[in-house]
Amino acid sequence: TPNFQSPGARKLLVNIAQTLEQDHPDASPDQIATMARQAVTEAAQAVNPNGGQPTEPQGKQPTNWDTFFDE
């Protein structure tokens with residue numbers, strides 16, 4: 001996943017992998033990597049269940065851009 005290459009995601013992925021390695025000393029590096037990727041993916045889904053897609057609030061009134069910046 002290309003997103004795992006971003007600095008923030010990569011640091012989180014490495015931290016989780018190191019923790020998993022301590023918790024599962026008999027697991028192979030490939031197994032640890034798979035578990036770490038899955039943990040990051042599940043955490044992202046829990047934090048952002050809409051997958052980054054904006055949701056329209058119910059009953060939202062249209063924005064009057066002519067006066068919006070006057071406030």
Side-chain angles (χ1 to χ4, degrees):
T1 302
N3 291 338
F4 289 138
Q5 299 305 317
S6 74
R10 187 157 184 85
K11 183 172 178 78
L12 179 61
L13 190 61
V14 168
N15 287 339
I16 290 172
Q18 289 170 339
T19 300
L20 287 169
E21 186 177 42
Q22 291 172 0
D23 293 345
H24 304 279
D26 295 334
S28 71
D30 287 337
Q31 290 172 317
I32 296 292
T34 298
M35 289 188 287
R37 287 185 193 105
Q38 182 178 359
V40 170
T41 300
E42 288 175 3
Q45 289 171 344
V47 171
N48 191 3
N50 294 326
Q53 300 299 317
T55 57
E56 244 348 92
Q58 296 296 327
K60 178 182 174 191
Q61 298 298 316
T63 302
N64 182 347
W65 292 108
D66 290 326
T67 61
F68 182 83
F69 296 105
D70 294 342
E71 297 176 17

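Throughout, residue positions are numbered sequentially from 1 according to the sequence presented.
Note that CE of M35 is 11.0 Å distant from CG of D30, once rounded to the nearest 0.5 Å. Note that NE2 of H24 is 10.0 Å distant from CD of Q31, once rounded to the nearest 0.5 Å.
In this structure, the side-chain contact (heavy atoms from CB on, under 4.5 Å) partners of T41, at least two apart in sequence or on a different chain, are F4, Q45. Applying the side-chain contact (heavy atoms from CB on, under 4.5 Å) rule to Q38 yields the partners E42; only residues at least two apart in sequence or on another chain are considered. Listed by chain and residue number, I16, V40 satisfy the side-chain contact (heavy atoms from CB on, under 4.5 Å) test with L12 (two or more places apart in sequence, or in another chain). In this structure, the side-chain contact (heavy atoms from CB on, under 4.5 Å) partners of Q18, at least two apart in sequence or on a different chain, are V14, N15.
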